[in-house]
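Just so it is clear, the structure is predicted and the values come from calculations on it, not from any experiment. What's counted below: heavy atoms across the whole structure, side chains too, no hydrogens, waters or symmetry copies. Within every chain, numbering begins at 1; the chains are lettered A, B, ... in the order of the sequence lines, protein sequences first and strands thereafter.
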Number of protein chains: 2
Amino acid sequence: MELTERKKKVLRSVVDLYIRTAEPVGSKAIAELPDMNYSSATIRNEMSDLTVMGYLEQPHTSAGRVPAAAGYRLYVDELMADYRLSMDETQSINNAIEEKMQRVDKMLEKVAKLVSQATDLPAISAASRYGGATVRRFELIFAGQGSVILVVMLSDEQVLNKLIKLPVQVQQSDLQVLSAVLNATMTGLSPEEFTPELLQRVMEAAGDAGVLVPVIMEFTAETLRGHGNTNMAVAGQMRLLGLPEYQDVGKAQKVMSSLDEEALSNLPAIMQNQNGTKVLVGPENVASELKDTSVVMTKFDIGDGMQGMIGVVGPTRMDYAKITARLSYFAESLSKMFAKPEQPQLPEGKED
Amino acid sequence: MELTERKKKVLRSVVDLYIRTAEPVGSKAIAELPDMNYSSATIRNEMSDLTVMGYLEQPHTSAGRVPAAAGYRLYVDELMADYRLSMDETQSINNAIEEKMQRVDKMLEKVAKLVSQATDLPAISAASRYGGATVRRFELIFAGQGSVILVVMLSDEQVLNKLIKLPVQVQQSDLQVLSAVLNATMTGLSPEEFTPELLQRVMEAAGDAGVLVPVIMEFTAETLRGHGNTNMAVAGQMRLLGLPEYQDVGKAQKVMSSLDEEALSNLPAIMQNQNGTKVLVGPENVASELKDTSVVMTKFDIGDGMQGMIGVVGPTRMDYAKITARLSYFAESLSKMFAKPEQPQLPEGKED
DNA sequence: CTTAGCACTCAAAGTTGCTGAGTGCTAAAT
DNA sequence: ATTTAGCACTCAGCAACTTTGAGTGCTAAG
């Protein structure tokens, strides 16, 4: 059977209406739409065809049609109308973003919350680093009675530190020697290169302050490894409860409990090699608990060797046009913000 | 009317049973309890009295009794039996806690999750600092092409850093002068003492590196202020959905949406001057959205000038004995863990 | 090819009556 | 003077039944 223009028009109308109402859509409702110049009987025939073709589904013998996954897919790919953000919407997104964001993890939490708020759906945000960082420079500061502060400067402009306490006294001069050795041997390495042999060599070269070496190496390796990882945040899971499809607490609970960082951790990975906005409709989702939900996600630029991603999880019936538009705008605004020269070093070495 | 021993016994039984079943409790059910040596009619009379006295409530003319807020209060204060933790329970709490906890905010998230898991209810955790920290020492590290790393060591053993980029070149020697000036004039001060006059004086004394002073001062003041604040985390809000009282999505949503950091921010404050475990029953809660829930909370010791707090939010019908026991044990174990010499510097200067 | 008309289906929303748990009161038993 | 058995009464919850109305598929006429 061929997918005529009229069939597409009917399908689009059905999806649009279903997105608005969450109720099965009947032929009469479609026939009464403003620019639908056919009678309900004709629509009925078309809907019947669309059902056979797999774009629509019938919950019961007699009670309207509902879009099937394939229907949503087609809708997202070619049928849906562009959604134009209103001034109000762009305004409120911009206002929300305009704050300073201090640390990556806090930033992600904030962004997830904002996206969730802007879409009234659960949202996730993630940041991952492409290419591992290496140490550019070590610095040791003598901090009195057996304490030493280790400062590590990474290749991506981040600075980290650690307070090390020792049972033994170390001389200021020993520290100078050690820091020279560290800078000579342990910079520019990936965490895999921190082998026991290296440890051995550095300790021998370091002399009296050698006791510090194992702690330093462990801290550094761990930090570098941590920096290769993806950081993510989820927010607004509870917004699902506002939707008619989750009035059944059992269902809501099942879906919501699978909306945590672990279950969604594959989403950022999917985005890695994608560009623009990606929509996963229902069963296209990996996790089986999410087979009745859709995900819309997009990338943004953080700079400093990091790639950001924001996404929204909602019922398959979500307003793809609107959500996609808002998400894209969000991503654009975030990229702009991070590109601003005033705060070039977002993931700055600050903490509390 | 007098609250006889028998009335107390009946009241306790009613609360116990209601906690278990979440269904209104009838006189017959009480009369059939193992060591209740009276007939249902007698119990009926007692229950009628307890209702008049405000300890019980009747949802409809004819359908069991339910504890009123005053009833829960009395139950918590004197009636409830001690709950003895099983080996399993202590074991699993200990296992959960035994990991290294790196940063305060991450630690709080983790603890909130663990408590929530251990009680199957939403949980909160918070850490606040008593007495503000001051700066013990400043250190400036030259980091090449117009970059300087500022390292600040606080009186509570924490170490923070910030990468500062400058449009102008600064000499290594200038940094030495500046750090001497900073250490001479800006240590041991509270954030309020960072006045414009001080800024003026330090900048004059600092010479060529004076351009750095405003940035340094702002960062320091902000950090110190941040350190006076309370940090908190909430987890497991969704667990409410498992409870019969929140099968109605509307209710669940209302309560859950008020379970965020903002709405609960007064709880840690309440604990400040309290000792041991504190229970807030229903209407005793401050937020009106929580008037049908109870809160159990307790303190624990973090060390390093910090006070921790964990709490659980649940229906007024929650199993106070069990929850209280688990929470106390949790707090005890956490205190012990933080007191362990192996990891004395928990909130260590590490970040990512 | 389109549409009006009609018989058919079925979920949702009443309607009714029953059941059972629970109460309060009274009068008998202890 | 308590305690308890007995009884009439109340009321939520459930199940069976009916009604309603939205929706369908098919057919025959436009």
Tell me whether [X] is salt-bridged to [Y], with the criterion being a basic N under 4.0 Å from an acidic carboxylate O.
| X | Y | answer |
| --- | --- | --- |
| B:Asp77 | B:Arg73 | yes |
| B:Lys8 | B:Glu78 | yes |
| B:Glu245 | B:Arg317 | yes |

(message) Which is more 5' along DNA chain D, the nucleotide nearest A:Ala41 or the one nearest A:Pro24? Just name the residue.
(response) A:Pro24
Measure from [atom1] on [X] to [atom2] on [N] and round the result to the nearest Å.
| X | N | atom1 | atom2 | value |
| --- | --- | --- | --- | --- |
| A:Glu2 | C:dC1 | CD | C1' | 16 Å |
| A:Leu50 | D:dG23 | CG | P | 17 Å |
| A:Lys28 | D:dT24 | NZ | P | 11 Å |
| B:Met47 | C:dC25 | CE | P | 15 Å |
| B:Arg44 | D:dC7 | CZ | P | 13 Å |
| B:Ile43 | C:dG22 | CD1 | P | 13 Å |
| A:Ile30 | D:dA22 | CD1 | C1' | 14 Å |
| B:Glu23 | C:dG22 | CD | C1' | 13 Å |

(message) Checking contacts here: which listed nucleotide (D:dA5, C:dG24, C:dT3) is nearest the side-chain heavy atoms of A:Asn45?
(response) C:dT3
Is the phosphate of [N] approached by [X] (side-chain N or O, under 4.0 Å from OP1 or OP2)?
| X | N | result |
| --- | --- | --- |
| A:Arg65 | D:dG25 | yes |
| A:Arg6 | C:dC1 | no |
| A:His60 | C:dA11 | yes |
| A:Ser27 | D:dT24 | yes |
| B:Thr42 | D:dT3 | no |

(request) Would you give the length of the straight line joining atom CD of B:Glu89 to atom CZ of B:Arg326, rounded to the nearest 0.5 angstrom? (result) 4.0 Å
(request) Using the ring of A:Tyr75 (Phe, Tyr or Trp, six-membered ring only), decide whether A:Arg12 places NZ or CZ under 6.0 Å from its centre and within 45 degrees of its axis. (result) no
(message) Within the 4.0 Å heavy-atom criterion, would you say B:Thr61 contacts the bases, only the backbone, or no part of the nucleic acid?
(response) sugar-phosphate
